[in-house]
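Everything below concerns the one structure shown next.
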Amino acid sequence: MGVVIEPSLLELALTHRSFAYESASKETNERLEFLGDSVLGLIVTEELYRRYPDFDESHLSPLRSGVVNMRALADIARDLDLGKYIRLGKGEEVTGGRDKNSLLADALEALIGAIYLQCGFDICAQIVTRLIGPTMESAIARGAGLDGKTALQELIAALNRGVPEYIVSDEGPDHDKSFTAIAMVAGVQVGQGVGKSKREAEQIAARIAYEALKIELPQP
């Protein structure tokens, strides 16, 4: 990533709670993840604000969700081969923890938190902007700058299918919940999204459902 991080700080950023619990240590990467999540959010928000001056909040907010959602962050972590370096407990190891979206996304945020502490905001922003650049372009290409729920509702109305419904569930501790939303149209599941908030999960599910259903529109 182009920076040197003090070894103990890097080790902490890569220490999952399962490893800490099994080794009777209280040191996990969760505090760094908390910090990194906020730093990442600010950097991405500022980058979107500067890059797309014609977008209002209704476009910028879902676009940000399309860039910093769990799946997108996990894909960036995979590109970095980050899973190979995470310190995991045996239980997580045997259940494929090194490739879990939630675990990879959390580790990336913790690493961003460590870079921020070690190098300061400006350097951290340069690194994050470089990492999320392709994801941002992909999100724009997918139409993530549009409000997914509104787009899906308008599409379903055009198809005369009623109104969409969302079934949302969550898992994990209060400080680290993961939400899963299922978009239902006429009683049929047409999209599923995972995010760190109910809104984010619903937006992702709606956009996936929109892409699945738009081919049914009559061609001009």
Side-chain angles (χ1 to χ4, degrees), residues 1-48 50-51 64-139 171-179 194-197 200:
M1 299 176 76
V3 295
V4 177
I5 302 177
E6 199 272 323
S8 62
L9 182 61
L10 178 60
E11 186 175 275
L12 180 60
L14 298 174
T15 300
H16 187 255
R17 62 175 175 268
S18 62
F19 181 92
Y21 294 162
E22 290 185 13
S23 61
S25 170
K26 295 182 180 179
E27 296 269 296
T28 77
N29 66 359
E30 291 177 355
R31 280 171 52 84
L32 280 175
E33 176 204 337
F34 171 78
L35 176 62
D37 177 65
S38 295
V39 173
L40 173 65
L42 176 57
I43 292 170
V44 171
T45 299
E46 181 178 358
E47 180 66 15
L48 292 173
R50 294 180 183 278
R51 189 180 290 204
R64 180 176 57 192
S65 295
V67 174
V68 299
N69 67 77
M70 182 189 302
R71 184 171 58 182
L73 295 179
D75 286 343
I76 293 172
R78 290 188 182 96
D79 289 342
L80 294 171
D81 205 14
L82 192 59
K84 181 168 68 175
Y85 302 101
I86 300 173
R87 305 170 83 205
L88 289 181
K90 293 179 180 178
E92 282 288 353
E93 186 78 65
V94 299
T95 57
R98 294 191 185 278
D99 197 48
K100 286 183 180 178
N101 282 349
S102 60
L103 195 150
L104 287 169
D106 290 348
L108 180 63
E109 288 178 337
L111 186 58
I112 290 170
I115 294 171
Y116 167 75
L117 289 177
Q118 182 78 60
C119 305
F121 183 82
D122 289 344
I123 291 177
C124 186
Q126 292 174 22
I127 293 170
V128 169
T129 301
R130 186 174 73 243
L131 289 176
I132 57 95
T135 303
M136 193 177 298
E137 297 298 337
S138 176
E171 62 179 358
D174 288 342
H175 70 282
D176 190 26
K177 280 191 178 297
S178 171
F179 292 82
V194 179
K196 290 196 170 184
S197 69
E200 178 183 331

Residues 74-82, side-chain donor-acceptor partners within the protein, below 3.5 Å, at least two apart:
{"from": "D75", "atom 1": "OD1", "to": "R78", "atom 2": "NH1", "distance (Å)": "3.0"}
{"from": "R78", "atom 1": "NE", "to": "D99", "atom 2": "OD1", "distance (Å)": "2.7"}
{"from": "R78", "atom 1": "NH1", "to": "N101", "atom 2": "OD1", "distance (Å)": "3.2"}
{"from": "R78", "atom 1": "NH2", "to": "D99", "atom 2": "O", "distance (Å)": "3.0"}
{"from": "R78", "atom 1": "NH2", "to": "N101", "atom 2": "OD1", "distance (Å)": "2.6"}
{"from": "D81", "atom 1": "OD2", "to": "K84", "atom 2": "NZ", "distance (Å)": "3.3"}

Pairwise distance CG(D37) to CD(E33) - rounded to 0.5 angstrom
7.0 Å

Distance-only, no hydrogens or angles: does the N29 side chain make a donor-acceptor pair with backbone N or O of L32 under 3.5 Å?
no

When R98 is tested against each of H16, E92, E93 for side-chain hydrogen bond (donor to acceptor under 3.5 Å, both in side chains), which residue passes?
E93

Got a second to check how far I86's CD1 is from T15's OG1, nearest 0.5 Å?
10.0 Å

Reported CD1-to-CD1 distance for the pair I127 and I132, which is rounded to 0.5 angstrom:
13.0 Å

Tell me, yes or no, whether the heavy-atom count around R130 atom CZ, taken from other residues, nucleotides or ligands under 6.0 Å, exceeds 12.
yes

Side chain to side chain contact (heavy atoms under 4.5 Å, CB included) between R50 and E46, worked out
CA-CA 6 Å; R50 294 180 183 278; E46 181 178 358; 2.9 Å; yes

Are the side chain of R87 and the backbone of A20 linked by a donor-acceptor contact shorter than 3.5 Å?
no

Please report, to 0.1 Å, the donor-acceptor pairs under 3.5 Å made by any side chain of residues 108-119, with sequence neighbours excluded.
{"from": "E109", "atom 1": "OE1", "to": "K196", "atom 2": "NZ", "distance (Å)": "2.6"}
{"from": "E109", "atom 1": "OE2", "to": "K196", "atom 2": "NZ", "distance (Å)": "3.4"}
{"from": "Q118", "atom 1": "OE1", "to": "E6", "atom 2": "N", "distance (Å)": "2.8"}

Without swapping roles, check the side chain of E30 against the backbone of R17 for a donor-acceptor pair under 3.5 Å.
no

State the CD-CZ distance between Q126 and F121, to the nearest 0.5 angstrom.
10.5 Å

CD/E200 to CE/M70 distance, rounded to the nearest 0.5 angstrom?
7.5 Å

Does a salt bridge link E22 with K90, judged by any charged N lying under 4.0 Å from a carboxylate O?
no

State the NZ-OG1 distance between K100 and T95, to the nearest 0.5 angstrom.
3.5 Å

Which heavy atom of F19 sits nearest to which heavy atom of L88, and what is that distance?
CD1-O, 3.5 Å

Let me know which of L104, D106, V67, L40 forms a side-chain contact (heavy atoms from CB on, under 4.5 Å) with L73.
L40

